[in-house]
Amino acid sequence: MPELPEVETTRSGIESVAHKQRLSSMLIRQRQLRWPVPEELPDAVLGHQLISINRRGKYLLLEFDPGHLIVHLGMSGSIRAVEPDSLWRTHDHIQWLFDNQTCLRLHDPRRFGAVLWHPRESGPILEHPLLQKLGVEPLEDDFTPETLLSAFKRKKTNIKQALLEGKTVVGVGNIYASESLFLARINPELPACELTWQQAVRLHKAIRDTLQNALDSGGSTLRDYVNATGEPGAYFELHAAVYEKEGHPCRICGTAIRRIVQGARATYFCPKCQPLKRKRPSQG
DNA sequence: CTTTAACCCTGGAGGC
DNA sequence: TGCCTCCAGGGTTAAA
């Protein structure tokens with residue numbers, strides 16, 4: 001499941017093979033994704049140059065002269081560079097072919113992903129309804145411990161779900177939410193509004209370190225990304241300390257990792273390293 | 001406004 | 001061997 005590091009790796013991979021190339025064909029063999037692929041595609045974008053490729057949260061933004069393609073990989077999506085005439089696999093839904101013979105395929109078994117079209121006359125891309133309410137980018141300078149403190153000041157839900165919402169900071173999906181809280185030694189059931197300054201400092205650093213480490217582990221091109229493991233995403237999960245480690249000994253203290261469910265999502269944590277209440281010296 | 005639950009979809013796992 | 005059921009999960013949307 002692609003999280004921010006995988007999406008960023010995909011972004012830079014596409015950039016490295018298709019930047020400034022003209023789109024010579026776009027084939028759609030499955031329109032039914034998270035939302036139907038708009039009828040105006042591919043005509044609206046065909047024959048135009050790929051001007052830039054950016055990322056906002058887990059959304060990929062492919063800029064062409066007439067507008068932007070918005071691509072989300074959902075749960076199971078990936079974009080790979082393949083040989084132009086290679087066989088289509090099951091769940092290959094869309095192909096983009098550029099003038100330099102770069103051929104990109106969107107593969108998405110569960111079809112939770114999306115490919116949308118935002119014409120330039122509809123306004124700035126970042127004002128698109130899907131993008132305008134997103135929190136700050138975790139790896140940018142405007143993400144600080146204060147970002148967390150001020151946003152969570154009145155949040156009564158637990159810190160894990162508050163992080164996952166993406167209204168405060170984007171890119172922290174289910175895997176990295178558990179991983180970041182473990183690294184910051186914060187119990188996932190802590191009410192978000194009870195986050196202390198020290199905890200916010202640790203959590204801020206933990207989120208950055210977790211995402212940056214995953215990013216550094218990824219390949220630098222789409223081919224590397226795939227060759228490393230065969231399945232996109234799998235490589236990153238190898239480094240998980242708690243995610244899907246229920247019953248395994250904590251790498252810090254050896255205590256069995258626990259699994260709980262929060263908002264119908266699995267959360268993993270070490271009950272000893274991430275206590276809910278801070279230890280107070282006993283009165284004897 | 002907040003919080004919860006349903007929904008989209010397929011592959012994989014487990015029961016029989 | 002196969003069929004049935006259940007579940008995971010991101011993120012939007014409808015309902016409470």
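First the proteins, then the strands, lettered A, B, ... as listed; each starts at 1.
An OP1 or OP2 oxygen of dT3(B) is reached within less than 4.0 angstrom by a side-chain nitrogen or oxygen of K155(A). Residue R265(A) has no polar side-chain atom (N or O) positioned under 4.0 Å from OP1 or OP2 of dA8(C). The phosphate of dG11(B) has OP1 or OP2 within less than 4.0 Å of a side-chain N or O from H91(A). OP1 or OP2 of dG9(C) sits under 4.0 Å from a side-chain N or O of Y243(A). For the pair Y59(A) and dT12(C), the criterion of a side-chain N or O lying under 4.0 Å from OP1 or OP2 is met. At dG10(C), none of the side-chain N or O atoms of H72(A) fall inside 4.0 Å of OP1 or OP2 (strictly under the cut-off). Checking the phosphate oxygens (OP1, OP2) of dG11(C), a side-chain nitrogen or oxygen of K58(A) falls inside 4.0 Å.
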*Report the C-alpha separation of R56(A) and E137(A) in whole Å, then their side-chain angles, then the decisive distance to 0.1 Å, and conclude whether the salt bridge (charged side-chain N to carboxylate O under 4.0 Å, His left out) test is met.*
CA-CA 8 Å; R56(A) 180 72 178 94; E137(A) 287 289 331; 2.9 Å; yes
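For the side-chain contact (heavy atoms from CB on, under 4.5 Å) with I186(A), the lone residue among T196(A), L163(A), L195(A) that qualifies is L195(A). T147(A) pairs in a side-chain contact (heavy atoms from CB on, under 4.5 Å) with only one of the listed residues (D142(A), T168(A), V169(A)), which is T168(A). W96(A) pairs in a side-chain contact (heavy atoms from CB on, under 4.5 Å) with only one of the listed residues (L27(A), I14(A), L106(A)), which is L106(A).
Within 4.0 Å (heavy atoms only), L164(A) reaches no atom of the nucleic acid at all. Contacts of K167(A) with the nucleic acid, taken as non-hydrogen atoms under 4.0 Å apart, are absent. Within the nucleic acid shown, A264(A) has no heavy atom closer than 4.0 Å to any nucleic acid atom.
Candidate nucleotides dA8(C), dG10(C), dG11(C) were compared by shortest atom distance to the side chain of E3(A), and dG10(C) ranks first. Listed candidates were dT12(C), dC9(B), dT3(B). Nearest to the side chain of L130(A) is dT12(C). The side chain of W35(A) has dT12(C) as its nearest neighbour among dT10(B), dT12(C), dG9(C). Checking dG11(C), dG10(C), dT3(B) against the side-chain heavy atoms of T157(A) singles out dT3(B) as nearest. In this structure, of dT3(B), dG10(C), dG11(B), it is dG11(B) that holds the atom nearest to the side chain of R110(A). Between dT12(C), dG11(B), dA8(C), one nucleotide has an atom nearer to the side chain of P109(A) than all others, and that is dG11(B). The side chain of R34(A) lies closest to dG11(C) when the candidates are dG11(C), dT3(B), dG11(B).
Computed from coordinates, the E6(A) CD to dG9(C) C1' distance equals 14 Å when rounded to whole Å. In this structure, the CG atom of L116(A) is 14 Å from the P atom of dG11(C), given to the nearest Å. Atoms CD (Q30(A)) and C1' (dC8(B)) sit 12 Å apart, rounded to a whole Å. Taking atom CD on E246(A) and atom P on dA8(C), their separation rounds to 11 Å, with Å as the unit. We find that CG of D108(A) is positioned 13 Å from C1' of dG11(C), with the value rounded to whole Å. Counting to the nearest Å, the P atom of dT12(C) and the CD atom of Q161(A) are 16 Å from each other. We find that CZ of R111(A) is positioned 18 Å from P of dC7(B), with the value rounded to whole Å. Distance, L4(A) CG to dG11(C) P: 10 Å, rounded to whole Å.
Where stacking is scored as ring centres under 5.5 Å apart with planes under 30°, F112(A) does not register as stacked on the base of dC9(B).
Residues Y176(A) and A214(A) share a closest heavy-atom pair of OH-CB, 3.3 Å.
Ion pairing of E63(A) with R120(A) is present here, as a side-chain N (NZ or NE/NH1/NH2) and a carboxylate O approach within less than 4.0 Å.
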